[in-house]
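Structure first, commentary second.
Side chains are part of it too, since the values below use all heavy atoms of this structure and drop only hydrogens, waters and symmetry mates. Order of the sequence lines sets the chain letters (A, B, ...), proteins ahead of strands, with each chain counted from 1.
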Amino acid sequence: MLEELTAGFPILSCILFLPVVGAAVLWVIDEEDMVRTSALTIALVELALSVFVLLRFVPESAAMQFTERVRWIPALGISYHLAVDGISVLFVGLTAFLTVLVVIYSWDTIRHQIKLYMMCLLALETTTMGIFVSLDLILFFVFWELMLIPSYFLIKLWGGGAERHYAALKFVLYTLLGSVFMLVGIALLNINYHQWASLHHTDQIYSFDLLDLLMVPIPVSQQLVIFWLMFLGFAFKAPVFPFHTWLPDALLEGPIGMAVVLVGLKMGTFGFMRFSIPLLPDASKSETVVMVVIVLGLCAILYGAWMALVQADFRRLLAYSSVSHLGFIVVGLFALNYQGLQGSLLTMINLGFSTAGLFFIAGFLYSRQQTTQLAAFGGMAKQMPLLATFFLIIGLASIGLPGTNGFVGEFLILLGAFTAKWWFGGVAVLGVIFGAAYFLWYYERSMLGPLGAAVKGTMSDLQPRETIIAVSLSVMILWIGLYPSPFLRIMNGSVQALVDRVSQETKVSLEGNRFGRGY
Amino acid sequence: MGEYALLYILFAPFAGALALIFVSNRQPLLVRSIASSAAFVSLLASFYLFYAYDPVKGGFQFVKKYEWSKQLGISLHLGVDGIGTPLVLASSILLFAGIFVSWHIKDRTKEFYIWLLILAAATIGVFMSLDLFFLYFFYEMSVIPMYLLLGMWGSHTKKYLEMTDPEDLKLRDSVGFILNFGSNSKEYAAMKLVLFLSAFAVVALMGILLIYKYSGLNTFDILVLREQANLMNIPALGTTLDRIIWVLVFFGFASIAPIWPLHSWSPVGHAAAPAATSMLHAGVLMKLGHFSIIRVAFEILPETTRELMPIAAVLCMFSIIYGGFVAFYAKDTKYVIGYSSSSHMGYVFLGMAALNYISLSGAVIYMFAHAMATGMLFAMAGWVYDQTHTRDIPSLGGLSNKMPFISACFVVGCMASIGMPGTVNFIAEIMIIVGSWNKYPLQVIVAMLGIVLTLAYLFKMMRGLFYGPMNQKYSHAHDAISTVDRLPLLIMISISIGFGIFPMHLYDVVRSGVDPLVARIMLVVPVAETGEGLGMTGKATTPDMSSTPVTAHKPIPYTPQVSREGRE
Amino acid sequence: MIPLSAYTTVSAILFMTGLVGVLVRRNFIIVLMSVEIMMNAANINLVAFSHYLESMAGQLVALFIIAIAAGEAAVGLAIIIVVFRSKISTNVDEMNLLKW
Amino acid sequence: MSDLTDLLIKLIPVFPLLAVFVNGLLGHRYSHDMAHRLAWGSVGLSFLCTVGVFTDVMRTGTSHEVIVYPWIFGGDLAINLAYLVDPLTCAWLLVVTGVGFLIHVYSVGYMHGEAGFTRFFTYMNLFMVSMLLLVMGNNYVVLFIGWEGVGLCSYLLIGYYYDKVSAAKAASKAFVVNRIGDAGFLIAIFLVFINFKTLDYTKVFAQAGQLSPDMATAIALCLLVGAIGKSAQLPLHTWLPDAMEGPTPVSALIHAATMVTAGVYMIVRNHAIFDLSPFAMSMVAFVGGGTALFAATIGLVQTDIKRVLAYSTVSQLGYMFLGCGIGAYTAAVFHVMTHAFFKALLFLAAGSVIHALSGEQDIRKMGGLSSRIPWTHRLFLIGTIAIAGLPPLAGFWSKDEIMTHAFANQRYLLYSMAACGALLTSFYMFRLTYLTFYGSSRMDPHTAEHVHESPMVMVSPLMILAFLSIVGGLILGFPPEHGWLHGFLGPVVGVGGEHEAGAGIVVLLMSSALVIALMGWGVAHFLYAVSPATAEGWAERFSAAYRILLNKYYVDELYDLIFVEPLKRLGAMLDWFDRAVIDGLVRGVERIADWGASGSTWIEKHIVYAGLNVIGYGNHLAAREGRKMQSGVVHHYAAIIVAGLFLLALVVQLFAQM
Amino acid sequence: MIGMFFAYFAVVSIAAGVLTVSLRHPVHCALSLLVLLMHVSGLFILLNAEFLWAVQVIVYVGAILVLYLFVLMLMNLKTDERYFHPWALYILGPAVVGGGYVLSLLLRSPFDGAKGDTPAAAVLQDGNTYAVGIKMFSDHLLQFEIVGIFLLGAIIGAIVLAKTPKPLDRERERL
């Protein structure tokens, strides 16, 4: 019954545009509480739609589902092509979920221009959703770039730090710098398609559509060029190791909500998985690429962890831990085997709960002491047992304790990396140790021990709204940790298709669409 | 109306100007309404033109020809193709917007509008002239009103590039004058602009006259010249005549584009001009250069164009980076926008230099797109200036509280200028990239960095104007509240975003103009001569990879119907 | 028969004299008189050519010149009077308002 | 019956898990009584289930494999949450649930009145769950869940008094050191997966024979690293003594009876792989022997009652490793079980002492307690005798069996290490007993007033444990090498590596062990009961050695110096690197852009503008000078006109001539 | 005979010209100009231009010169101390050289051209005045009219210029 009703219903478009339409509605609302309520309602409806998509999603299938395809700029082969598969569908849910939490979190932590804030947030949701559901590279790029605008304003206008202008600009410039290279890469893909198409006299001589591009063989040398161009785009956004310096700044200076989105939604690595690897399989598996990228990933793991060890500010620590985690993801991705890819994908989702969750924790701490500097804390567990508990749960998830979601992802990544080359895994494992070290070190010094000297007054434990956030995150963490089967089932088909794509020879892809249409 | 659309578009502003002569300045409302209705007629007709232009048929449409001088072979020959149409539309949009932007001008309102209308009408005239004489005629005609507009309604520019002592006129008599940006009075700007442009216009005129003379056809008609003129292989001055003509025409017109290093009139001119003039100036006047090069050099001298266009590809890099850098350093809002314009014109040159369907279409769309984007920015810079009477970025700040609407629009303007997806600029940008990569990868990379740079300085300016602490001196500043004030911005924004999301028709129109041109330019060449060794490094797998779309083996027949219906 | 060159010579000498007058005299009225001399020189020339070339045009032009000379004298003298009223002088050197 | 067994197996971890959730989420809503009843009740139920399973396994001798649900899967990887219950698991299950149950009961008394009572029991139950998963898992990953889970609980429970800095630090240290081992274990798992494409024990061990010796060594060594971390062997032993910051029941349960033996469990479980690599085996043996001796020496001089026990635990774990290393798996398991009894007994008794002394742990401030807390004294003494290895108590049999095997395998070096360790063990345990219970009282008067015997709820578990310590050895492992346990475990661990020693040798070795134990007792008696001054004299005479021992061979300091400090410094360096180099690069690019901008502006100003202005200025100059011709004097104009005319004429003429 | 007359008229007019330029007192100058004009008119006679002679005498001598004299008297000018321009000598030299040069040019030129349609005979037939009139009102009517308008303009201009300005308006002053 429901299926009949919803067949052909453009649900992805609804998901995509609901927030931005909602943002427009917010524009006319004046009363602040009303703004908050409306924003929350919109976010919840969005979440409901996303959950609906997740429920209706056929797992274990590599096919693109909920496809919507409208020709947009036919002459250039640009189309409005939305669809989700096992790789992207989880991000839809995650985005909606995190946005709900951010709205709840921002309920009274954002003290000025709440309306504008909510509008930016919802606009951000639309753009991030767009990144995840677009199958047309230009459409993807559109959202990829548009995402910068709300982000910029969120960091700039609601950031807490003194350097927030710099951080906002740095973030935007950095990302833009990468993405212009990516744009060139996209253009090259299109040119390649065009050449192929004009030789084969297809009716569509230009295309930016992922599925179209997948059918077209690309010479390996060309693939390498495109790969590095796109790599820059994704690596800057991710951020992969040497390109990470915007991250601590943006996270430290920006508002918590923005930080949650930035670290929670791994758009850069998603880009690798969605576009780079399937489109450029030969480049992706070439020796140099794998070595360079994985070594960067390994550097990121150790470097991020070491950096996190010495940070006195929790948000900086999280930023570097995020770098470290991204290292894991990258290593997993370019291990290019089933476990690696699946683990990376799962880890991307996981970080949406764990690292983002830790940012919420940081936010809770921040709203109590107006800082996340270690010096301002100590022995908090006594005053805030609830917060300390959730801190621990989420933190342990972030360091990959078995039973939490972090473990499943990390385990798969390490397994994949180890399978690819033993020392990939061997080095990456060290990150596990350091992960525990920096997290516990910070936890020990902020939460445990006697009450810190600089702690001002008595701090209240978690408020109801905060508890909702913490509990929902913890539930997700434990769910994925203990029973990840639904999630893995969703991924399996697509990951398998991706692995096939990467492992097959170029010749096979010439014949067309094993990956493409059946996808 | 139909076939006379061009005449309506062209002469409505002239008629408005004429009517204004008979109106007293004591009735400003009447003045404004006459001006705006004239512009409105033009705007409506332009929209009609734009949508009535049949891209399938292509070629020059709405052609009207009136004999002017039989002996000299001059006729008022009007007509638009796919390249002129969008530019005509852009001009009339900017004119219409500009009239509302300058709604609050109190000083000699009538005269202002007269000149503004003439300026715009002359610009439009260039876009629709099919006769070299009238092309040049309108070209000059569009330059001259700038002098008055700048000299009378302009504003002195201060604090540009750490300039010193603007009031000390004694400097004018000393050598210090050379390095003195204190000579940044509006008169200086006006004089510089007009002299510079006129001087280079004369250069172009020389080219035009050489064409006229050596074609031996006793006609200025472009359509005739492009079919029959044979200017190749006439030796002159140690080279061939066609090259000389091409260089004269190119640099003569490129000065208004402005190509580096012939740009120095432009920022200072933008800065001194009143907002509406800056809009028209940067929005469409600069495109006269590209347009005229396309019309004259591309149409009449295709082979030479193919041979010499790399010059533009080299210079455009400098334009992009250099303009961007200077914009980054400038402290005056209009200088920033002005330099950004001259930087962005480099993209158009890049698109033109690559000489293929996509990139040239991209260049034309970029002209249209840039008109909207920069028009918005200048309009808003003008608004800020009107409110605060300064354009010095360091002394401004925090205005977003006072003018939320303007600051919001400013964001859109910046985004459009950067080529943020969703605006028509993006479409143009990607087309230029796609088109130019094979031929000029380095330039494309530079252009991409230029985008980053653009974002940097525009955001810097945005921050300087609208965020941060506010100077209490400007607490009286207010937002654009009335419809009249908001209308122009909304028009430009909606056009920019509207075409950004639905660029199909624009694209079709432009393609229909570009395709025959590129075919003309490129098809005369044996395939081996171009593109070889550039771009792809493809190996044995697919040998045909080595050829680029630029050197397509056969012209790809342009059939918009096919792409419109598409597959599925 | 007096050759044409005789008339032209006379005319030239007169013209030069008038020219020198214009250039060297400081009194505006005398400058104007010198102009008259130059005009007469021209007239001689015209009439002489008219005679020798058997064309009436020369005489006609001479006639017009006389008319114009009348006008010139009238306006010139009027100007002198105006200037004299304000400057109490007819010295040309002092009338340099147009300087630079 | 089998179905019922499967159900019981599934239920074993469920009860504590339920208790965790109920206590964890709702614990603050009801009374402590309710909470502890839930806690020990659930463990009790688990124990009952275990007994049920055990009887079935014992009866049929089969192993059960129960899949609960698929956990991690995809591609060629399929990991189920599944249990494998075979005799080995049963043995451990009995110890874990049995001893765990007793300790839970004991804790009710011990923890009475503590803040966070509910939390304590939640953690304890969580520990039970993890430990059960650890021993029941049918594959490496489930083992790993439990492995890390017990680590987590250990962390939580060590840090139970989290407002104590030392506790918090000890907790973190325990976790991090464990993680180092875990990393090794993870690598081992990966290696197993790469080689067998599966992680299920049964499948892995079935194919183990195909493994190349090198790979087997690699896997075994990695596993050993994991085991070393968890079982606090050299060189990762440092966390265990520090772990004594936790409440005493925790020390008893986790850091003596169960968790720390997980390493042994893992090695025994993977004996199929270890057996393939003699090198790894001897590594295990030497690590064990070394640790046994090493920890024992440290135990000689420690003054904290729990620390002595902790080092003794480390030392005893060394015996177990030694047993494993020489292939005496059954003996190792045997020792694990007996050790669980007597060490739990000792810890709990020590806890009782501490309880009686209101938290005093320093044995130098005890003495003469035998009369004040007689039950505790008796029970502690039983434990001491058991560990010291006096027959017929449990410790004797198991330890002797290991030593016998070492001897029988001609591993005399190992044997002598074990023997020395045994001597030392006997000595320091009796030393502890003497210092605590005999002699004159050295207590604070204030403390002394409050000394009291513990309540029944604490003492009764002790009694059960004491009973087990006395008879456990006889029940399980008598006669040596042919006891019930050997028969029970035989199918699992096989008999590989066990050498039949001649009866005579066995008797000889037994008597020598007895002699060693008695020697230790004798020396302790001499030093602490007969002539206490001698002990102090020796301490002074060998002050350097004494100090080294007291400071645990400075291992912690060494690690600080070698690892922690450089790591911190490296972190600081990297932080500098990040700020100066990487961010510096970014800023450098900004700087370059800035230079570019100012440079371009300079060019704009000085070349482009100025160039144009030069033209303008030239014009200006020409005009400025040229205007002087405009003197306003008519004459001048006239003269110029004339001159011009002449020139014109000249030009015309010249042209005419040409 | 005619040569004599020519010589007389030529020499006297040149002499009168020189005097006009060089005499100190303006009235004297005017008088010598009178002489000059009279003798130039004599030259016209020699050239068969009677009408022009009459016009010269009537208009020039009778009207223009009198106008000069009126003005001179109106101003009551005194003789200037330095009536020559300070650059006089610098100008004279080149003027003499230039004049000589022009003369040499004139003397070397043949001055021959197409003959017009009014030979002396035709003129003498109906008289010079008739010939002038016919010519003026047929072929050169437009020029004639232009000159007429020009004269009118000159007269109006002269009147406007020479008009005594009104004293400043009091009302405007008060403002």
Within-4.5 Å side-chain heavy-atom neighbours: D/L570 and A/L309: no

Results of side chain to side chain contact (heavy atoms under 4.5 Å, CB included) for A/P486 - residues two or more places apart only: A/W479, A/Y483

Close contacts, residues 177-196 of chain D versus chain A, judged by heavy atoms under 4.5 Å: D/R179, D/I180, D/A183, D/L186, D/I187, D/I189, D/F190, D/L191, D/F193, D/I194

Student check: side-chain heavy atoms of D/V586 and A/W246 closer than 4.5 Å: no

Separation of A/L396 CG from D/E148 CD (nearest 0.5 Å): 9.5 Å

A/P484 versus D/I72, closest heavy-atom pair with distance: CG-CG1, 4.5 Å

Residue list, side chain to side chain contact (heavy atoms under 4.5 Å, CB included) with A/T175, at least two apart or on another chain: A/L148, A/F171, A/K237

A/E444 side-chain N/O to D/A170 backbone N/O, donor-acceptor pair under 3.5 Å: no

For the student: nearest non-hydrogen atoms of A/W306 and D/L567, plus distance: NE1-CD1, 3.1 Å

Residue pair A/L488 / D/F73: nearest heavy atoms and the distance that separates them: CD1-N, 3.6 Å

Audit row: A/Y443, D/Y155, side chain to side chain contact (heavy atoms under 4.5 Å, CB included) steps and yes/no: CA-CA 12 Å; A/Y443 188 78; D/Y155 168 81; 3.3 Å; yes

Residue among D/E590, D/R119, D/M573, D/K173 with most heavy-atom pairs under 4.5 Å to chain A: D/E590

Interface residue of largest heavy-atom contact number with chain D, from A/L173, A/L482, A/N337, A/T419, under 4.5 Å: A/L482

Least distance between heavy atoms, D/P70 atom then A/S485 atom: O-CB, 4.1 Å

Minimal non-hydrogen separation, D/W71 against A/G481, with atom names: NE1-O, 3.0 Å

Set of side chain to side chain contact (heavy atoms under 4.5 Å, CB included) partners for D/A593, sequence neighbours left out: B/F325

A/R316 with D/D575: basic N within carboxylate O range, under 4.0 Å: no

Segment of A/F439 engaging chain D (4.5 angstrom heavy-atom cut-off): neither

